[in-house]
J.: 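I'd like to ask you about the structure that follows.
Here is how names work: the chains are called A, B, and so on, in the same order as the sequence lines, proteins then strands, and each is numbered from 1.
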Amino acid sequence: MLIFEHSRKNRLNYSQAPATRPAKNNIPDNLKRKSAPLLPEVSEMDTVRHYTRLSQKNFSIDTEFYPLGSCTMKYNPRACNALAMLPQFLSRHPLAPEDTGQGFLACMYELQEILKDVTGMSAVSLTSMAGAQGELIGITMIRAYHEARGDTERTEIIIPDAAHGTNPATAVMCGYKVIEIPTDRDGDVDMEALKAAVSPRTAGLMLTNPSTLGVFEKKVAEMSRVVHEAGGLLYYDGANLNAVLGKVKPGDMGFDVIHMNLHKTFSTPHGGGGPGAAPVGVADCLLPYLPIPIVAHEQGVYRWLTEKDRPQSIGRLSAHMGNAGVLLRAYIYVRLLGAEGMFRIAEYATLNANYLLAELRKLGFEIAYPSRRASHEFIVTMKEIKDKTGVTAMHLAKRLLDKGFHAPTVYFPLLVPECLLIEPAETESKETLDRFVVAMKEILDEIDTQPEMVKTAPHNMPLRKIDDVKAARELDLVWNPAG
Amino acid sequence: MLIFEHSRKNRLNYSQAPATRPAKNNIPDNLKRKSAPLLPEVSEMDTVRHYTRLSQKNFSIDTEFYPLGSCTMKYNPRACNALAMLPQFLSRHPLAPEDTGQGFLACMYELQEILKDVTGMSAVSLTSMAGAQGELIGITMIRAYHEARGDTERTEIIIPDAAHGTNPATAVMCGYKVIEIPTDRDGDVDMEALKAAVSPRTAGLMLTNPSTLGVFEKKVAEMSRVVHEAGGLLYYDGANLNAVLGKVKPGDMGFDVIHMNLHKTFSTPHGGGGPGAAPVGVADCLLPYLPIPIVAHEQGVYRWLTEKDRPQSIGRLSAHMGNAGVLLRAYIYVRLLGAEGMFRIAEYATLNANYLLAELRKLGFEIAYPSRRASHEFIVTMKEIKDKTGVTAMHLAKRLLDKGFHAPTVYFPLLVPECLLIEPAETESKETLDRFVVAMKEILDEIDTQPEMVKTAPHNMPLRKIDDVKAARELDLVWNPAG
Amino acid sequence: MPFIPHTEEDVTEMLASIGATSIDELFDEIPAELKNGKLTQVPTGMSEMEISRLMYERAQKDGFYLSFIGAGAYEHHIPAAVWQITTRGEFYSSYTPYQAEASQGTLQLLYEYQTMMASLAGMDVSNASLYDGASALAEAALMAVRQHKSSRRILVPQTVHPIYRSVVRTIVRNQAIEVVEVPYDPATGQVSIDQLDQFAQEEFAALIIPQPNFFGVLEQVDTLADWAHDKQSLAIAVVNPTALAMLKPPGEWGRQGADIAVGEGQPLGIPLSSGGPYFGFMACKQELVRQMPGRIIGRTTDLEGKEGFALTLQAREQHIRRSKATSNICTNQGLMVTAATIYMSLLGPEGLYRVAAQSHANTLALVEQLETLPGVKKAFHSPFFHEAVLQLSVPADEVLNKLKAQGVLGGVLLENYYPDLKNTLLVCATETKIAEDLDKYTEMLRQILKA
Amino acid sequence: MPFIPHTEEDVTEMLASIGATSIDELFDEIPAELKNGKLTQVPTGMSEMEISRLMYERAQKDGFYLSFIGAGAYEHHIPAAVWQITTRGEFYSSYTPYQAEASQGTLQLLYEYQTMMASLAGMDVSNASLYDGASALAEAALMAVRQHKSSRRILVPQTVHPIYRSVVRTIVRNQAIEVVEVPYDPATGQVSIDQLDQFAQEEFAALIIPQPNFFGVLEQVDTLADWAHDKQSLAIAVVNPTALAMLKPPGEWGRQGADIAVGEGQPLGIPLSSGGPYFGFMACKQELVRQMPGRIIGRTTDLEGKEGFALTLQAREQHIRRSKATSNICTNQGLMVTAATIYMSLLGPEGLYRVAAQSHANTLALVEQLETLPGVKKAFHSPFFHEAVLQLSVPADEVLNKLKAQGVLGGVLLENYYPDLKNTLLVCATETKIAEDLDKYTEMLRQILKA
Ligand SMILES: Cc1ncc(COP(=O)(O)O)c(C=O)c1O
Ligand SMILES: Cc1ncc(COP(=O)(O)O)c(C=O)c1O
């Protein structure tokens with residue numbers, strides 16, 4: 001039942017609004033609204049009940065194992081939420097003077113310093129509100145860099161085919177042409193293709209390492225040399241930083257600009273789709289272009305750097321400074337873990353992924369890159385199974401829901417057919433992984449003995465399989481009281 | 001799965017405790033613990049996951065209609081929780097000096113004043129932590145009163161048979177003999193029996209009005225006269241105050257002492273079984289005996305009254321001042337509602353109950369006291385249905401769970417066979433009541449057409465009917481690792 | 001209308017169904033002379049915004065202090081997860097789990113709690129909570145009298161929390177049960193066997209044994225439990241649950257262990273909040289289970305043999321047995337137990353041990369530091385857990401006031417409870433205190449004593 | 001190990017299964033010269049207790065102020081229920097709802113949100129959020145250029161929030177889209193038709209129309225929208241969602257309504273929290289839906305015909321269309337929309353109206369009071385919503401500093417953004433302000449101006 005279906009005309013819920021309409025109203029008649037918007041008229045209790053019950057219809061990290069590859073679904077410590085929501089933090093206006101926010105700004109400054117260290121970059125801006133915006137910032141800076149040098153013929157960004165969709169989308173949004181290069185059979189970027197692709201038109205290369213195939217790009221140093229020699233810059237998509245946190249620094253790999261998804265590696269919650277935060281780090285060459293605001297610490301006082309301090313900055317990407325509350329959560333998370341905790345993340349994320357890979361391989365699942373170590377994630381391909389039985393990666397995914405596990409990422413990266421990208425993250429225990437292996441084994445058996453069971457999953461969820469073809473064909477995007 | 005079954009030896013969760021064991025330890029060897037207690041060794045995430053998932057297995061006011069008679073399951077405003085949990089309130093030590101708690105004490109003082117007004121009593125003590133403790137305090141005061149007058153032959157407390165079990169249990173706990181008196185066919189106390197029961201041994205009468213039969217005891221004034229003339233005092237079990245809040249005051253009815261369940265009428269949450277708070281109000285005659293502490297307001301300063309101020313006080317009933325946090329929630333609730341809101345509670349609780357009664361009667365359910373108005377609750381008896389079909393009140397209750405409604409109270413009061421005590425409370429909307437009526441109709445039809453379906457309910461819950469006979473016979477009260 | 005969902009149309013339709021013309025008419029059975037309908041002391045309603053502002057102002061007024069007060073309620077770190085989960089609607093707004101099938105969440109949690117608490121106390125079984133530590137002790141006394149049958153007297157050392165003693169008296173007096181107090185040894189701050197031996201010839205239903213006692217001092221629990229058992233009295237332990245992680249549990253005291261263990265559950269994840277809500281815990285030996293008051297949860301199965309949980313042994317309770325019940329308790333402190341269970345799960349055995357050990361170590365360090373000041377000495381020469389009594393050479397109330405003016409709550413003035421213990425402070429430093437806090441206290445006290 | 005559940009035994013078993021001898025070995029594909037493993041700027045870990053103390057101290061340091069600052073972020077009362085539900089684990093810790101069957105909670109909520117937001121804006125459809133108001137405006141500009149096809153220029157009045165203009169520039173510049181600014185009328189603080197008419201002969205993909213504008217002033221939206229449509233430009237509304245409860249919605253502006261409406265969702269139940277996370281909303285006409293960036297949820301059915309919800313129109317998005325997507329946006333501000341949806345449900349149409357109307361009335365009253373002071377006058381003579389610009393006769397920055405010293409944040413210094421508007425303050429009084437607050441401000445300002 002939709003909230004609107006609980007609504008009754010003229011039901012009021014006065015506790016949440018002034019008791020009456022005020023007498024004074026100077027809005028000119030021609031600018032007034034004439035009919036009330038379609039907001040529900042529901043009691044406070046029924047609102048609480050409705051949304052509490054709705055919430056129960058979600059899988060989440062707080063309730064299920066969620067091995068969604070590329071998304072790093074790890075435990076979101078409850079303390080990060082509680083402390084970021086202290087009333088003083090919540091009530092502070094973004095334009096309140098800096099001296100009324102020294103506590104908050106101290107956290108932001110320290111977070112910048114920590115992120116610099118973790119990534120090996122020269123400077124960090126916290127402004128970006130998600131990975132894709134981080135990319136936009138990065139590529140915009142690359143453009144600004146070339147422009148500042150009068151190097152205006154660089155119109156292309158090179159991107160491996162395994163890259164996340166945001167990479168090519170960002171490059172185009174920044175006015176670049178995308179040159180896609182293939183992956184070799186071991187999951188590395190095809191070096192020859194890269195060499196062939198670079199040219200005086202190359203503005204830069206966007207690389208994810210470990211890649212979305214779950215493997216560490218071994219030849220990254222050579223790639224860096226090739227691209228830099230061609231005059232391009234190197235962009236690091238840090239969505240997979242979790243796999244190497246503290247172990248390997250993008251700065252050491254030769255990257256000029258990076259973003260890191262705090263809503264992955266730094267455990268800020270995904271919130272059913274966001275908000276994220278994706279600070280951007282740069283090497284010296286891009287430092288002048290970093291977006292503002294940035295927190296500076298001068299004579300014991302924290303303040304925002306603005307256009308005046310950074311005249312070459314590409315400017316602002318958000319009305320204020322980005323997703324402050326998310327950054328606070330990440331700050332609290334790093335302070336809880338400390339340096340030693342950073343290393344452990346990489347180690348145990350890698351251990352969990354390789355263990356799960358080993359166990360699934362033993363069950364007979366086909367591993368897409370069998371000769372490689374898993375980084376924090378790895379790929380199973382259902383190609384053979386599908387050819388034999390008709391059971392697809394999506395079928396298996398739905399069947400996993402029935403067994404109380406969220407599905408891995410399916411059909412991404414696009415280059416591996418019928419793929420399941422599996423990322424267990426470091427916060428899952430061996431027992432949970434073992435239970436997942438049991439579920440995968442059960443499904444494998446079902447595929448043998450009762451494939452229809454798998455193909456028509458889910459069976460135990462509140463709904464059967466959702467018809468998304470219909471959703472796209474018969475668009476129904478807003479509720480209509482007329483029905 | 002029990003939390004213990006997630007446990008693994010030597011798993012540590014360091015974030016919640018000091019990083020190491022401290023060096024200093026002066027506990028003598030003979031007083032040291034030798035083996036670790038059976039607490040689970042589970043990761044923080046798995047703890048969160050376990051208890052989040054467990055919570056989803058509960059019905060609650062935030063998720064379901066909960067017409068549990070005598071329990072007044074109404075909406076618990078979320079603001080009451082949020083504001084009572086402000087960090088300063090939570091961190092205040094009970095023995096912190098009074099001048100460090102003037103904000104908190106102001107709330108307590110005002111609550112006392114408000115409760116005095118609402119009940120028409122002369123003074124109120126907030127100390128009692130639940131209804132039953134309120135009764136204990138009340139009866140203890142009655143004893144103190146008689147003792148102070150040298151009236152030591154009064155050894156009996158009179159209690160109607162419809163009373164809640166806490167009443168006779170309390171009387172006995174206070175050293176009294178219980179004289180039970182019957183109810184007449186209209187649901188009123190049998191006046192003749194009462195007259196016959198009073199004597200020089202009568203210490204007092206405990207009365208619930210509206211009674212647990214859901215009707216207003218019309219002859220309360222006469223009862224008061226009879227008991228008082230016999231030298232006894234009148235105790236008001238205020239568990240049902242919701243029905244008459246502001247409309248009728250126990251003080252006006254002639255009661256000498258009352259308790260009110262804030263966890264019912266004043267909407268503090270039941271918390272799966274508590275905590276409650278049951279302030280006790282007294283008429284002048286019992287004022288000296290009121291338990292301490294009580295908040296006084298003198299020259300603009302709030303302070304606790306102690307034994308020194310109240311030498312005749314029966315003393316203390318809790319280590320501090322009772323369930324302060326619950327009292328804060330009740331205080332916030334009354335301030336939100338205001339005087340006008342108090343009246344509305346009684347009015348709409350009564351409206352909802354009488355409407356539901358009317359609708360269920362139309363369906364053919366037998367009403368236990370058909371000639372009476374419902375107060376905030378009323379009784380349906382399944383006696384005839386059971387005789388005809390074998391379907392009991394408990395069967396119907398379980399079948400209601402299947403339909404997404406919590407069951408009414410069953411088999412209480414004991415004097416009505418196969419009873420369902422139904423209390424919808426004022427915060428439920430007509431639509432919800434109507435949906436409940438539909439469910440009751442469906443069950444009525446099922447009783448006709450497929451009684452087994454009802455008798456073997458529940459069917460849609462995570463578990464089928466629980467075997468509580470086995471629970472009592474094969475006692476298993478703690479988990480044993482040996483299994 | 002806040003929290004009332006009815007529209008005017010609803011009211012009209014509902015009255016029509018009832019056959020009444022107004023809501024007022026529904027009150028027509030109430031004698032006119034009893035109707036009141038006036039509230040003069042209840043202010044008009046506020047919006048949530050208004051009450052929020054008021055409560056924030058009041059909270060700000062009360063502020064935060066650096067506190068060294070213990071005396072039965074202890075400041076401990078509470079993991080954020082505890083209350084975020086505990087206040088989920090499904091726990092927060094459900095009733096006592098009478099309908100087992102719709103309450104497995106609460107029921108399983110309580111069963112887990114019983115397991116943890118029984119194990120912590122070293123006892124066989126636990127109930128699902130009582131109101132608080134003090135009233136739990138009173139219930140234990142009543143239970144002992146019921147069990148003992150022949151004596152209606154309870155022996156209570158003066159080292160038991162003074163308010164607990166007062167609550168016990170208030171509650172048991174009604175049943176003509178006599179509370180006999182045992183003085184403590186002024187040198188050790190313990191119940192001495194010598195003191196006890198004056199009562200050797202008398203009969204008592206039980207001896208109450210605090211560990212640690214109100215002074216923070218550790219009692220010789222083995223000797224005391226054996227003393228009680230030797231004379232056929234029950235031994236009732238009243239213990240601090242945090243301390244149980246380090247200290248020998250009541251079930252192992254003396255030759256046969258205490259019979260009943262009770263205490264205040266507050267240290268297990270419950271905020272101080274001016275004194276409540278907390279919860280009383282009670283664990284006992286298997287043979288006493290049917291004498292135990294309060295809710296008890298049992299593990300059982302459903303129709304199909306699946307594991308499930310239900311209220312059990314209800315035949316002890318008032319709603320079934322009425323005047324013959326073991327106690328009148330009905331509503332207990334369920335939500336607090338929810339928090340405590342989550343707390344214990346997050347801490348685990350080692351975590352709880354460290355909390356206890358750090359609290360112990362901090363108090364040792366504090367006492368050591370303060371003792372270096374001229375005019376400060378320990379009142380008792382006995383081992384203590386996380387509280388200790390300090391004897392000052394100057395008026396202690398004035399010292400406390402001066403500390404308070406600087407934001408420090410320096411402890412509890414003992415002479416309020418023990419008139420003989422002039423100018424003594426009961427101080428406590430839990431794991432929440434850091435070295436700077438102890439130094440701050442020491443430094444302030446040094447300045448005050450100098451002045 | 002915080003948040004790492006592995007025991008030593010687990011590690012041994014897992015490595016054995018993998019066939020490795022150490023965790024380190026799992027990193028053997030990483031070239032040795034790239035391995036770093038040193039972190040010098042990351043402090044050692046803290047316990048939750050320690051970080052809690054640190055964060056409480058920092059929060060206390062920042063404190064509370066009586067604030068009259070608006071300028072794009074507004075203090076409103078947020079019902080307690082909003083965040084208690086929003087932070088439930090099932091909403092807080094779930095991912096983007098890719099698996100529809102396991103995400104019906106989030107999906108249905110977003111569908112409800114789309115309905116509410118579209119209706120509030122008077123538009124046909126809404127997406128499920130963008131990052132914030134400023135970036136939403138940039139996306140709207142890109143969308144207009146895609147739709148318009150022939151022009152790559154956008155007309156933006158200087159009455160649009162200056163930072164929004166700056167964000168738009170940063171984002172659209174890359175695609176060689178030109179942002180042309182229209183000056184405002186210094187008397188009215190509005191975009192005047194006269195000013196616009198200088199651009200009458202040029203082609204623009206869109207005109208951006210703020211309502212209220214950055215000065216709090218109400219624009220003549222009908223005229224502006226018609227002006228844009230007359231020249232085949234799109235009309236993009238940038239609006240305050242609270243104001244929409246009182247003001248004519250963009251869908252009804254002029255003869256055909258605005259084409260796209262965007263804005264900052266923060267006023268709908270999102271705390272100020274130093275600037276984020278907030279959320280950008282975007283609603284548009286049906287014909288533009290396939291140009292709209294961001295997630296969109298559709299209602300559909302399951303295999304058995306039961307109502308259900310799913311992400312739809314994914315073919316616009318980067319994960320399917322990659323370089324041909326309408327935008328690169330992936331993660332959005334889902335949780336904020338969860339809060340906003342609950343907020344709007346709790347308020348309802350009348351509640352939101354009252355919040356708007358009370359904010360409007362409070363600002364009217366504040367301005368009226370302040371105008372009585374010598375040296376204070378309104379900068380513009382136009383109707384305003386809940387913000388207004390005041391011209392002071394003395395240095396405004398000094399006034400603000402003096403107010404701040406007394407705990408009052410008196411508004412925003414406009415010359416930071418509009419160098420011509422010397423000594424002007426942008427002030428705002430939402431429904432959270434009471435008469436005493438307005439009096440306090442007035443009285444303080446009176447004293448300051450006197451001195
Ligand atoms: C590899 C990779 N790159 C980029 C992104 C985009 O990040 P965001 O969703 O925060 O915009 C993602 C996240 O989904 C990702 O997995
Ligand atoms: C009529 C009546 N009296 C007394 C009580 C006892 O109150 P409590 O459960 O708070 O002890 C109740 C509650 O169950 C009740 O309904």
Side-chain angles (χ1 to χ4, degrees), chain A residues 17-18 22 24 36-39 41 47 54-55 57-62 79 83 86 88 90 93-94 103 117 129-130 132 165 168-170 172 174-175 178 270-276 315 319-320 323-325 338-339 347 350 355 358 429-430 461 463-464 466 468 470-471 476-479, chain D residues 5 10 14 18 23 39 41-42 44-45 48 55 58-59 61-62 69 88-90 93-96 100-102 104-106 115 119-120 125 131 134 170 174 271 273-277 298-300 302-303 308 310 312 318-319 322-323 325 328 331-335 345 348-349 351 354 358 361:
Chain A
K24 266 195 200 159
L38 182 62
L39 304 184
E41 299 173 84
T47 304
L54 270 194
S55 79
K57 294 188 180 174
N58 273 0
F59 276 31
S60 68
I61 264 293
D62 276 12
L83 298 172
L86 289 176
Q88 292 92 339
L90 291 187
H93 193 284
D117 190 17
M129 293 180 282
T170 300
V172 168
C174 291
V178 173
H270 288 265
H320 305 290
N323 285 336
E347 290 166 7
T350 302
Y355 174 67
S429 67
K430 176 170 179 296
M461 302 292 293
L463 290 178
R464 299 296 306 280
I466 289 283
D468 33 29
K470 177 177 169 192
D476 175 353
L477 309 182
V478 298
W479 185 75
Chain D
D10 288 336
M14 292 168 85
I18 296 166
I23 293 183
L39 291 173
Q41 300 308 305
V42 188
T44 30
E48 186 180 311
M55 296 308 287
R58 291 193 172 167
K61 186 178 216 172
D62 290 356
I69 305 181
R88 284 172 59 85
E90 299 94 321
S93 77
S94 54
Y95 204 78
T96 301
E101 298 83 357
Q104 286 296 303
T106 289
T115 302
S119 170
L120 206 51
V125 292
Y131 301 131
T170 304
N174 285 330
S273 46
S274 286
R299 181 160 66 159
T300 175
D302 75 355
L303 266 190
T312 194
Q318 46 71 32
H319 64 288
R322 303 179 69 84
S323 61
N328 70 340
T331 291
N332 59 22
Q333 306 284 114
L335 197 68
S345 302
R354 290 189 191 174
Q358 192 64 52

J.: Got T312(D) and L477(A) here, is their nearest side-chain heavy-atom distance under 4.5 Å?
T.: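 In contact.
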J.: Chain A heavy atoms under 4.5 Å from T106(D): which part of the residue, side chain, backbone, both or neither?
T.: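 Contact with chain A involves both backbone and side-chain atoms of T106(D).
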J.: Between E101(D) and M461(A), what is the shortest heavy-atom contact and its length?
T.: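 Smallest heavy-atom distance, with atoms named: O-CE, 3.1 Å.
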J.: How long is the straight-line distance from CG of D117(A) back to CD of Q41(D), given to the nearest 0.5 Å?
T.: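 Result: 5.5 Å between the selected atoms.
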J.: Heavy-atom pairs under 4.5 Å with chain A - which of G334(D), G275(D), G45(D), S274(D) has more of them than the others?
T.: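 Going by pairs under 4.5 Å, I would pick S274(D).
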J.: Quick check against the 3.5 Å criterion: does S60(A) have a side-chain atom that pairs as donor or acceptor with the backbone of S93(D)?
T.: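 No, because the side chain of S60(A) does not come within donor-acceptor range (under 3.5 Å) of the backbone of S93(D).
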J.: Can you check side chain to side chain contact (heavy atoms under 4.5 Å, CB included) on L463(A) and L303(D), steps first, answer last?
T.: CA-CA 8 Å; L463(A) 290 178; L303(D) 266 190; over 6 Å; no
J.: Do the side chain of N328(D) and the main chain of A132(A) share a donor and acceptor less than 3.5 angstrom apart?
T.: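 Flag set: sc N328(D) to bb A132(A) pair under 3.5 Å.
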J.: From T331(D) OG1 over to H270(A) NE2, what is the distance, rounded to the nearest 0.5 angstrom?
T.: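 Between T331(D) OG1 and H270(A) NE2, I get 7.0 Å after rounding to 0.5 Å.
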J.: Run the salt bridge (charged side-chain N to carboxylate O under 4.0 Å, His left out) check on K430(A) and D10(D) step by step: do they pass?
T.: CA-CA 7 Å; K430(A) 176 170 179 296; D10(D) 288 336; 5.2 Å; no
J.: Measure distances from M129(A) to the heavy atoms of chain D and classify the residue's part below 4.5 Å as side chain, backbone, both or neither.
T.: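 Both backbone and side chain.
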J.: Nearest 0.5 Å, please: how far is CZ in F59(A) from CD in Q104(D)?
T.: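 Between atom CD of Q104(D) and atom CZ of F59(A) there are 12.0 Å.
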J.: Using 0.5 Å steps for rounding, measure from the OG1 atom of T170(A) to the CZ atom of R322(D).
T.: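 One gets 11.0 Å once the value is rounded to the nearest 0.5 Å.
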J.: Determine whether a donor-acceptor pair (N or O, by modelled atom type, separation under 3.5 Å) exists between the side chain of D62(A) and the backbone of E90(D).
T.: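 Such a contact is absent between D62(A) side chain and E90(D) backbone.
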J.: Does any N or O in the side chain of R354(D) come within less than 3.5 Å of the main-chain N or O of A17(A), such that one atom is a donor and the other an acceptor?
T.: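 Looks like no, no N/O pair under 3.5 Å.
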J.: Would you name the heavy atoms of P275(A) and L335(D) that are closest together and state the gap between them?
T.: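 Nearest heavy atoms, P275(A) then L335(D): CD-CB, 3.8 Å.
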J.: If you tally heavy-atom pairs under 4.5 Å against chain A, which of N332(D), T300(D), D62(D), T44(D) wins?
T.: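 Maximum pair count with chain A is reached by D62(D).
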J.: Yes or no on side chain to side chain contact (heavy atoms under 4.5 Å, CB included) for Q333(D) and N323(A), after CA distance, side-chain angles and deciding distance?
T.: CA-CA 9 Å; Q333(D) 306 284 114; N323(A) 285 336; 3.2 Å; yes
J.: Is any side-chain N of the basic residue among R464(A) and D302(D) closer than 4.0 Å to the acidic one's carboxylate O?
T.: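 So R464(A) does not pair with D302(D) through a salt bridge.
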J.: Is I18(D) in contact with chain A via its backbone, its side chain, both, or neither, using a 4.5 Å heavy-atom distance?
T.: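 Interface part for I18(D): both.
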J.: About how many Å separate CD1 of I23(D) and OG1 of T350(A), when rounded to the nearest 0.5 Å?
T.: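 Interatomic distance, T350(A) OG1 to I23(D) CD1, rounded to 0.5 Å: 8.5 Å.
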J.: Could you walk me through whether L38(A) and T115(D) pass the side chain to side chain contact (heavy atoms under 4.5 Å, CB included) check?
T.: CA-CA 8 Å; L38(A) 182 62; T115(D) 302; 3.7 Å; yes
J.: Give a yes or no answer on whether the side chain of S273(D) reaches the backbone of L90(A) with a donor-acceptor pair at less than 3.5 Å.
T.: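 Flag not set: sc S273(D) to bb L90(A) has no pair under 3.5 Å.
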J.: What's the spacing between I61(A) CD1 and S94(D) OG if we round to 0.5 Å?
T.: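 Rounded to the nearest 0.5 Å, the CD1-OG separation comes out at 10.0 Å.
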J.: Looking at residues at least two apart in the chain, or sitting in another chain, which of them share a salt bridge (charged side-chain N to carboxylate O under 4.0 Å, His left out) with K61(D)?
T.: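 Counting only residues at least two positions away or on another chain, K61(D) forms no salt bridge (charged side-chain N to carboxylate O under 4.0 Å, His left out).
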J.: Under a 4.5 Å heavy-atom cut-off, does chain D meet the side chain of I466(A), its backbone, both or neither?
T.: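 Contact with chain D is through both the backbone and side chain of I466(A).
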